[in-house]
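Order of appearance sets the numbers: ligands from 1, and atoms from 1 within every ligand.
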Amino acid sequence: MSESLQTERKNATFNIKELTDTLNGGPEETRKRKQIESLVFNTPAFHRQDRFQLSREEIYDYSIKVYGELIKLCKKENIEIRYDNPDYVRLVGCIPEEIPVGLHVGMFSSSISDQGTEEQQKKWIPLARNFKIFGTYAQTELAHGTFVRGLETTATYDESKQEFILNSPTITSTKWWPGFLGRTSNHAVIAAQLYTKSKCYGIHMFIVQLRDLKDHKPLPGVTIGDIGDKFGFDTVDNGFLRLDNVHIPRENMLMKYAKVTPEGKYLPPTNAKVAYSAMTLIRVVLVRGSAKALASASTIAIRYSAVRHQTETAPGKEPQVLDYVTQQYKLFPQLATALAFGFAGNYMIDTFNKIHSEISSGQLDALSELHGISSGLKAYTTDTATAGIEVCRRACGGHGYSNACGIQHIYANVLPCVTLEGENTVMYLQAASKVISTIKRLEQLRRSGMDQDEAWNTAGIELVQAAKAHCHYFIVKNYLRSLEKLNMTPSLRKVMNSIALLYGNYGIDENAGDFLESGFMTGEQLNLVKAKILQLLSEVRRNAVAVVDAFDFDDKYLRSILGAYDGDVYNRLYNWAKSSPLNKTEVHSSYTEYLQQLLKSKL
Ligand SMILES: CC/C=C\C/C=C\C/C=C\C/C=C\CC/C=C/C(=O)SCCNC(=O)CCNC(=O)[C@H](O)C(C)(C)COP(=O)(O)OP(=O)(O)OC[C@H]1O[C@@H](n2cnc3c(N)ncnc32)[C@H](O)[C@@H]1OP(=O)(O)O
Ligand SMILES: Cc1cc2nc3c(=O)[nH]c(=O)nc-3n(C[C@H](O)[C@H](O)[C@H](O)COP(=O)(O)OP(=O)(O)OC[C@H]3O[C@@H](n4cnc5c(N)ncnc54)[C@H](O)[C@@H]3O)c2cc1C
């Protein structure tokens, strides 16, 4: 155990277990979480040591093995695989890989349970829940992702056969990006333009079987594969799919809201956007995912910064890099942001569950509000977390560039989330419409003679800025309100208040221009904010390691040599390097192949 970390933990002014329990929702929740997590951490299949030295195909193969192990574990422990089962969420939450079950449960199954009729749910949910089929959610196409109404895949109703015929009419209509589509899934919920009696009724969802359940071969009319290597999400076979006159029964259209009768008559839903429910769920999940990712990166960087000593500030005195104010200014706001986003994630999950149950009983009034806030917070938290994770990685200096750091794997898993589930710019624009000052701007542009679309586009930059400000304001307010409601000992509350104040003041300092421009603050007041930040950094310094310890991330989850709990960085780093495949022979074969000839040549 690193002496520096031991000292940090001894100097803490609060009880670490109390903070862990507070963040988990109480000691019983902590006990349940640790009990569930031990199932994963005690199963070697979930922790390949050479995971980051595998080829793309080996990594995919490993992810499928993990998929199978997870399902076996859930069956053995009688843990129902549902996104609304807390034990399942705890279990899958401690597996750092993005694994196939995410799409199968989080989008394929949830689409059917949210938008399928009772009969459809009775047929498909048991098949999905018992993994008799593997599903994904195929909406995005080669040429359209954001513009859902512009998707080109068609589902044309043939009343003589009471079937829908699905087609990819153009190259641009090829489904492109859906996760675990390329090699894994044998079914998909497919978004397609619905045609009946030669009229188009827009995007609806259809269950389509893609592969034979006996030999997994693509069915007739189905062309399917992986879209190739990409940045991050390397466990995921994001795929492409073309459909050529694929026939499905009428009953495969998800018809809880919109319907097509056997005679081909279209019965519209009360709100067409209920078809988009699966996206909203994942956006809500991504808010809490962002918090956890940033908390993981903060844990690694802060522990390492407590272990790392660098540069003499006095003869013979080489301080911990965590003692440099610049290092504190890099890392402590990330720690504060991770906590703030965690409370925002809890709010989002609670709000989603409340509105989701209303929607399930047919009350759709709050659908638009849920869409607005989930879109805005998804964009804001994934943007901010991605940037913050990179700040943490850079704060680790040279070793931050080694895969032994562990932060780059977190980054590679989070970065796609600024695009998937709704490109962030477009998502901000779904919350901006609620911000008064922006609407005044839009009215001004309209009065100048612009039409709505032109005015909206012209005001786009301000709309996004307004949405970011709105989300930031919401997160600060929710953070402070959440702390007020929590029971904490005075010593813990003091620490948590300092961190919350740091988050608020840091946000003002980072956006000082807006506060000046809007007249909310003067230059002098902003200087007071900067002074307050320095004071708060000093207050947080003493407890920073103890706060990240309270996140209670197992070393097997963090997968970081720099951020391991015991801080034994240098021995581990050296042994990790020696185990690199490139070092398995004293002399690499490239010597005899190439270098030796060079040495002998007369060049
Ligand atoms: C940080 C994470 C940590 C670790 C990472 C580890 C793992 C990752 C974890 C999970 C990820 C796993 C799987 C994810 C896989 C990804 C899946 C996908 O990406 S699925 C595809 C996602 N695609 C989109 O999101 C498309 C984005 N576009 C849209 O949503 C809409 O088209 C848009 C909102 C842009 C509106 O389109 P537009 O054509 O402009 O207008 P339209 O007429 O369609 O709608 C306007 C009208 O409808 C309302 N509305 C729109 N969407 C919704 C909705 N979802 N719910 C409710 N209402 C909606 C909108 O407000 C407007 O209403 P008004 O007319 O203003 O009243
Ligand atoms: C790792 C990963 C996994 C994915 N998994 C799935 C999946 O499982 N299922 C699925 O269906 N899809 C999936 N997707 C696709 C994803 O949902 C889309 O990529 C995403 O919705 C963005 O759409 P796009 O790619 O068309 O981007 P575009 O919309 O083309 O974005 C390009 C640029 O145009 C801008 N832009 C676009 N429209 C507007 C507008 N109206 N106003 C202002 N600016 C605009 C954007 O801000 C962006 O800067 C995945 C994507 C990734 C990267």
Side-chain angles (χ1 to χ4, degrees), residues 83 92-93 95-108 111 136-151 175-181 185 188-191 202-203 227 230-239 241 271-294 296 341 345 355 359 364 366-372 374-375 378-379 381-386 389 409-431 433-434 453 456-457 460-461 463-464:
Y83 68 81
V92 79
I95 300 174
E97 304 294 1
E98 172 50 25
I99 44 181
V101 73
L103 260 296
H104 178 83
V105 176
M107 298 200 84
F108 176 74
S111 294
T136 187
Y137 181 84
Q139 174 176 295
T140 303
E141 296 173 354
L142 202 49
H144 290 101
T146 292
F147 187 43
V148 176
R149 285 182 297 133
L151 296 172
K175 290 299 178 186
W176 198 276
W177 274 113
F180 303 104
L181 172 68
S185 302
V189 164
I190 292 185
I203 292 297
I227 62 169
K230 57 185 180 290
F231 180 91
F233 265 36
D234 55 3
T235 58
V236 181
D237 55 315
N238 296 87
L241 167 69
N271 182 330
K273 301 311 166 192
V274 71
Y276 293 168
S277 66
M279 292 185 273
T280 304
L281 167 63
I282 297 291
R283 289 170 189 157
V284 167
V285 164
L286 290 177
V287 175
R288 190 150 62 172
S290 300
K292 186 171 185 180
L294 189 53
S296 302
F341 286 8
I355 295 178
I359 292 166
L364 302 183
L367 186 65
S368 173
E369 181 210 338
L370 177 65
H371 166 59
S374 61
S375 299
K378 176 268 180 189
T381 55
T382 53
D383 264 353
T384 310
T386 308
I389 290 164
H409 314 312
I410 299 167
Y411 184 81
N413 240 0
V414 175
L415 188 61
C417 300
V418 302
T419 303
L420 60 80
E421 224 52 277
E423 203 284 327
N424 278 359
T425 303
V426 174
M427 291 296 99
Y428 281 125
L429 294 169
Q430 300 306 303
S433 64
K434 316 284 187 250
D453 286 347
W456 182 268
N457 188 32
I461 295 167
L463 283 161
V464 171

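- Protein heavy atoms are found less than 4.0 angstrom from atom 45 (C) of ligand 2.
- Not a single heavy atom of Gly102 sits closer than 4.0 Å to an atom of ligand 1.
- Applying the 4.0 Å criterion to heavy atoms of Thr146 picks out, from ligand 1, the atoms 26 (C), 27 (C), 28 (N), 29 (C), 31 (C), 32 (O), 35 (C).
- By the 3.5 Å distance cut-off applied to N or O atoms, Ser368 is not counted among the residues near ligand 1.
- With ligand atoms numbered from 1 in the order given, ligand 2 contributes 17 (O) to contacts under 4.0 Å with heavy atoms of Glu421.
- The shortest N or O to N or O distance between Arg149 and ligand 1 is under 3.5 Å.
- Contacts between Leu420 and ligand 1 below 4.0 angstrom, taking non-hydrogen atoms only, involve backbone and side chain alike.
- Near Pro416, meaning under 4.0 Å from any of its heavy atoms, are these atoms of ligand 2: 1 (C).
- Side-chain contact between Trp176 and Thr140: absent, with no pair of heavy atoms (C-beta onward) separated by less than 4.5 Å.
- Scanning both residues, Trp177 and Asn238, for their nearest heavy atoms gives O-ND2, 2.7 Å.
- For Thr386 (side chain) and Leu415 (main-chain N/O), no donor-acceptor pair under 3.5 Å exists by modelled atom type.
- Those atoms of ligand 1 that come under 4.0 Å of a heavy atom in Met107, given as number and element, are 17 (C), 20 (S).
- Remark: ligand 2 atoms within the under-4.0 Å shell around heavy atoms of Phe233 are 1 (C).
- Taking a cut-off of under 4.0 Å to the non-hydrogen atoms of Cys417, the atoms of ligand 1 that pass are 2 (C), 5 (C).
- Looking at every heavy atom in both residues, Ile203 comes nearest to Arg149 through CG1-CA, 4.3 Å.
- No donor-acceptor distance shorter than 3.5 angstrom exists from the side chain of Lys273 to the backbone of His371, with no hydrogens or angles considered.
- In this structure, atom 30 (O) of ligand 2 has its sub-4.0 angstrom surroundings free of protein heavy atoms.
- Considering backbone and side-chain N/O of Leu103, none are found under 3.5 Å from N/O of ligand 1.
- Residue Ile355 holds its CD1 atom at 5.0 Å from CD of Glu369, rounded to the nearest 0.5 Å.
- Ligand 1 has no atom lying under 4.0 Å from any heavy atom of Ala385.
- Counting only heavy atoms, the protein gets under 4.0 Å from atom 2 (C) of ligand 2.
- Taking all heavy atoms of Trp456, Phe147, Trp177 into account, the minimum distance to atom 4 (C) of ligand 2 is reached by Trp177.
- Closest to atom 10 (C) of ligand 2, if we only count protein heavy atoms, is Thr140 OG1, 3.4 Å.
- With a heavy-atom cut-off of 4.0 Å, Val426 touches ligand 1 through its side chain alone.
- Checking Leu420, Asn424, Thr146, Leu103 against atom 28 (P) of ligand 2, the nearest heavy atom belongs to Thr146.
- Checked against a 3.5 angstrom limit, the closest N/O atoms of His144 and ligand 2 fall outside it.
- The protein heavy-atom contact nearest to atom 26 (O) of ligand 2 is Gly145 N, 3.0 Å.
- Not a single N or O atom of Thr136, backbone or side chain, sits closer than 3.5 Å to an N or O atom of ligand 2.
- Any N or O atom pair closer than 3.5 Å counts here, and Glu421 shares at least one such pair with ligand 1.
- For ligand 1 and Phe147, the ligand atoms under 4.0 Å from any heavy atom of the residue are 39 (O).
- The contact set between ligand 2 and Tyr137, taken as ligand atoms under 4.0 Å from a residue heavy atom, comprises 7 (C), 8 (O), 9 (N), 10 (C), 11 (O).
- Polar contact with ligand 1: present for Lys273 (N/O pair, distance under 3.5 Å).
- Between atom OG of residue Ser290 and atom CG of residue Asp383 there is a gap of 9.0 Å, rounded to the nearest 0.5 Å.
- Taking distance alone, with nitrogen or oxygen atoms compared against 3.5 Å, Val426 stays at or beyond that limit from ligand 2.
- Between Val274 and Ile359, the shortest heavy-atom distance links the atoms CG2-CG2, 4.0 Å.
- Ligand 1 lies nowhere less than 4.0 angstrom from a heavy atom belonging to Lys292.
- Taking only nitrogen or oxygen atoms, main chain and side chain alike, Ser290 does not reach within less than 3.5 Å of ligand 1.
- Taking each heavy atom of Val148 and Tyr276 in turn, the nearest pair found is CG1-OH, 3.3 Å.
- Distances below 4.0 Å separate heavy atoms of Thr425 from the following atoms of ligand 2: 47 (O).
- To the nearest 0.5 Å, the span separating OG on Ser111 from CE on Met279 amounts to 9.0 Å.
- Distances below 4.0 Å separate heavy atoms of Gln139 from the following atoms of ligand 2: 11 (O).
- Proximity of Glu423 to ligand 1 is not established, as no heavy-atom distance is less than 4.0 Å.
- For Ala379 against Met427, the heavy-atom pair with the smallest separation is CB-CB, 3.9 Å.
- Residue Leu286 approaches ligand 1 through these ligand atoms, each under 4.0 Å from one of its heavy atoms: 1 (C), 2 (C), 9 (C), 10 (C).
- Comparing His144, His371, Arg283 by heavy-atom distance to atom 50 (N) of ligand 1, the nearest is His371.
- Within the 4.0 Å cut-off (strictly below), no protein heavy atom is located near atom 34 (O) of ligand 2.
- With rounding to the nearest 0.5 angstrom, the CE atom of Met107 is 4.0 Å from the CD atom of Glu421.
- Phe341 contributes atom CZ, which lies 4.0 Å from atom OG1 of Thr384 (distance to the nearest 0.5 angstrom).
- Counting the atoms of ligand 1 from 1 in the order shown, those under 4.0 Å from a heavy atom of Gln139 are 21 (C), 22 (C), 23 (N), 24 (C), 26 (C).
- At least one donor-acceptor pair under 3.5 Å links the side chain of Thr136 to the backbone N or O of Gly179.
- Residue contact check for ligand 1: Gly145 places a non-hydrogen atom closer than 4.0 Å to it.
- Using a 4.0 Å cut-off between heavy atoms, Leu181 makes no contact with ligand 2 at all.
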